[in-house]
Amino acid sequence: MDSFELTIREYAKEYPDFEYYLKHAQEIKLHSESHPDIAIECCTSLLQGLSKAVYFRLEPQPDEKKFNNDAFQYQVKTALSLLGNQDDALEIALPQACSHLARIAGELRNKRGDISHGRNVPKELRSDASLSRLAMDVTEALARYMFANLVILEDLPEDYAANQIFNESLDSEGMSIGSTPYSKLLYDNDRDAYVDALDRFKAAREGSL
């Protein structure tokens, strides 16, 4: 789950609420060997949570009641459909394929999970560590894909500090107010104009190369 955690932390400033899912990742790693069924249950919980986050951020007209009542596999399929490029045959097929994996994971959770359903002892069915490791690997890749594509689709604003040369160029053209340079004023008060100017600046530099 390390790559998923790293991606979440990379965008912690822009998506602080998503650090909530780091606990899921940590629990998956913690229990993958000692309590495989708990790890698998945490995998489904993570994917279900991310599916809800994606749906309510990207769906133009979300139906909260219907979506929350949908089966786990359909929640995952719907979220991936919102994230994928509908002009790409592979990305169109991805939601369908992953919904099958989600269905299997959901069935494992229902039949063997130790948290959502109290179990009599001794348990009749137990998952082994190899199955939980497989679930962890699949969940890591899918969760990373979901979050990374969400970031791309939401089109995060340009980072002011990352464009120092451009900012200095803007400052030479406009007036500062007190100690606040013109570029920062434009960034804070008219982000669209700042981004448009930055795009022209980048295009001009690329054209001169």
Side-chain angles (χ1 to χ4, degrees), residues 1-85 91 94-119 127 129 131-156:
M1 300 300 295
D2 292 346
S3 64
F4 171 71
E5 294 178 71
L6 182 64
T7 306
I8 291 291
R9 290 194 173 97
E10 184 179 352
Y11 290 95
K13 180 179 178 182
E14 296 86 356
Y15 289 89
D17 291 344
F18 280 74
E19 290 187 285
Y20 165 77
Y21 296 118
L22 291 175
K23 181 62 175 176
H24 294 67
Q26 292 159 5
E27 291 296 321
I28 291 167
K29 292 192 295 184
L30 177 65
H31 295 292
S32 63
E33 299 286 338
S34 58
H35 298 90
D37 288 321
I38 292 178
I40 291 172
E41 194 162 359
C42 290
C43 287
T44 60
S45 180
L46 173 58
L47 293 178
Q48 187 171 38
L50 284 170
S51 295
K52 291 180 178 180
V54 167
Y55 176 78
F56 290 113
R57 282 172 175 264
L58 297 183
E59 172 56 48
Q61 296 180 313
D63 186 336
E64 182 176 0
K65 183 177 181 180
K66 179 182 183 304
F67 186 80
N68 285 333
N69 288 332
D70 275 345
F72 167 55
Q73 69 188 83
Y74 295 116
Q75 291 175 334
V76 173
K77 180 179 179 181
T78 299
L80 289 171
S81 296
L82 290 168
L83 290 168
N85 177 2
E91 292 201 43
L94 181 63
Q96 185 65 40
C98 290
S99 72
H100 292 312
L101 290 173
R103 176 181 58 79
I104 294 170
E107 289 177 357
L108 284 172
R109 173 181 62 182
N110 292 335
K111 292 180 179 180
R112 304 182 184 185
D114 295 316
I115 299 175
S116 298
H117 306 280
R119 302 294 176 188
S127 301
L131 183 59
S132 73
R133 286 194 297 270
L134 175 61
M136 179 172 65
D137 291 342
V138 171
T139 298
E140 178 179 14
L142 191 52
R144 187 179 64 245
Y145 170 86
M146 293 172 76
F147 179 69
N149 274 35
L150 176 64
V151 170
I152 292 170
L153 289 174
E154 290 206 317
D155 192 19
L156 289 175

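Just so it is clear, the values below take in all heavy atoms, side chains as well, and ignore hydrogens, waters and symmetry mates. Worth saying up front: this structure is predicted, and the values here are computed from it rather than measured.
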Visitor: So, taking the atom named OH in Y74 and the one named CZ in R103, what distance separates them when rounded to the nearest 0.5 Å?
Guide: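 Here the interatomic distance stands at 9.0 Å.
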Visitor: Which atom names give the shortest non-hydrogen contact between Y15 and L150, and what distance separates them?
Guide: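 It is OH-O, 4.0 Å.
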Visitor: Test D137 against R133 for salt bridge (Lys or Arg N to Asp or Glu O under 4.0 Å), laying out the working first.
Guide: CA-CA 6 Å; D137 291 342; R133 286 194 297 270; over 6 Å; no
Visitor: Rounded to the nearest 0.5 Å, how far does CD of E64 lie from CG of N69?
Guide: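 One gets 10.0 Å once the value is rounded to the nearest 0.5 Å.
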Visitor: I need the L47 CG to H24 NE2 distance, nearest 0.5 Å.
Guide: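 With rounding to 0.5 Å, CG (L47) is 10.0 Å from NE2 (H24).
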Visitor: Could you check if a side-chain atom of E14 sits within less than 4.5 angstrom of a side-chain atom of V151, using non-hydrogen atoms only?
Guide: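 When only atoms from C-beta onward are counted, V151 and E14 do not touch, as no gap falls below 4.5 Å.
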Visitor: Within the structure provided, determine whether K29 and D2 are in side-chain contact (heavy-atom separation under 4.5 Å).
Guide: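 Heavy-atom side-chain distance check passes, below 4.5 Å.
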Visitor: A side-chain contact here means heavy atoms from C-beta on lying under 4.5 Å apart; do L131 and L108 qualify?
Guide: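 L131 vs L108: side chains touch.
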Visitor: Are any of the side-chain heavy atoms of Q26 and E5 separated by less than 4.5 Å?
Guide: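 Q26 vs E5: side chains touch.
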Visitor: Looking at F56, I'd like to know if its CZ atom is crowded, meaning that more than 12 non-hydrogen atoms belonging to other residues, nucleotides or ligands lie closer than 6.0 Å.
Guide: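 Yes, enclosed.
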Visitor: What's the spacing between T44 OG1 and F72 CZ if we round to 0.5 Å?
Guide: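 Between T44 OG1 and F72 CZ, I get 5.5 Å after rounding to 0.5 Å.
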Visitor: Looking only at non-hydrogen atoms, find the nearest pair between A129 and P36 and report the distance.
Guide: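 For A129 versus P36, the nearest heavy atoms are N-CG, 3.8 Å.
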Visitor: Mind checking the CZ-CG spacing from R144 to L50? Nearest 0.5 Å is all I need.
Guide: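 The CG atom of L50 is 12.5 Å from CZ of R144, to the nearest 0.5 Å.
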Visitor: Is a side-chain donor or acceptor of Y55 paired with a backbone partner of D63 at a separation under 3.5 angstrom?
Guide: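 Yes; at least one donor-acceptor contact below 3.5 Å.
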Visitor: Between Q75 and F67, is there a donor-acceptor pair closer than 3.5 Å when you use the side chain of the first and the backbone of the second?
Guide: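 Yes; judged by distance alone, with no hydrogens or angles, the pair exists.
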Visitor: Identify the two heavy atoms, one from T139 and one from C43, that lie closest to each other, and give their separation to 0.1 Å.
Guide: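 Shortest heavy-atom contact: OG1-CB, 3.2 Å.
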Visitor: Taking all non-hydrogen atoms of both residues into account, name the closest pair between I40 and S132 and its distance.
Guide: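 Scanning both residues completely, I find the closest heavy atoms to be CG1-CA, 4.0 Å.
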Visitor: So, R9 and E19, do they make that salt bridge, N to O below 4.0 Å?
Guide: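 Answer for the salt bridge query: no.
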Visitor: Atom OH in Y11, atom CZ in F147: separation rounded to 0.5 Å?
Guide: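 These two atoms lie 7.5 Å from each other.
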Visitor: Measure the shortest side-chain to side-chain distance between L83 and M146 over non-hydrogen atoms and say whether it is less than 4.5 angstrom.
Guide: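 In contact.
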Visitor: Between L80 and L142, does a side-chain contact (heavy atoms from CB on, under 4.5 Å) hold up when you go through it step by step?
Guide: CA-CA 10 Å; L80 289 171; L142 191 52; 4.0 Å; yes
Visitor: Ignoring hydrogens, what is the shortest heavy-atom contact between A79 and V54? Give both atom names and the distance.
Guide: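 That closest heavy-atom pairing would be O-CG1, 3.7 Å.
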Visitor: Grab the two heavy atoms, one from G49 and one from Y21, that are nearest each other, plus how far apart they are.
Guide: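 Minimum heavy-atom contact is O-OH, 2.9 Å.
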Visitor: State which residues pass salt bridge (Lys or Arg N to Asp or Glu O under 4.0 Å) with E59; sequence neighbours excluded, sorted by chain then number.
Guide: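 Testing E59 for salt bridge (Lys or Arg N to Asp or Glu O under 4.0 Å), a comparison that skips the adjacent residues, returns none.
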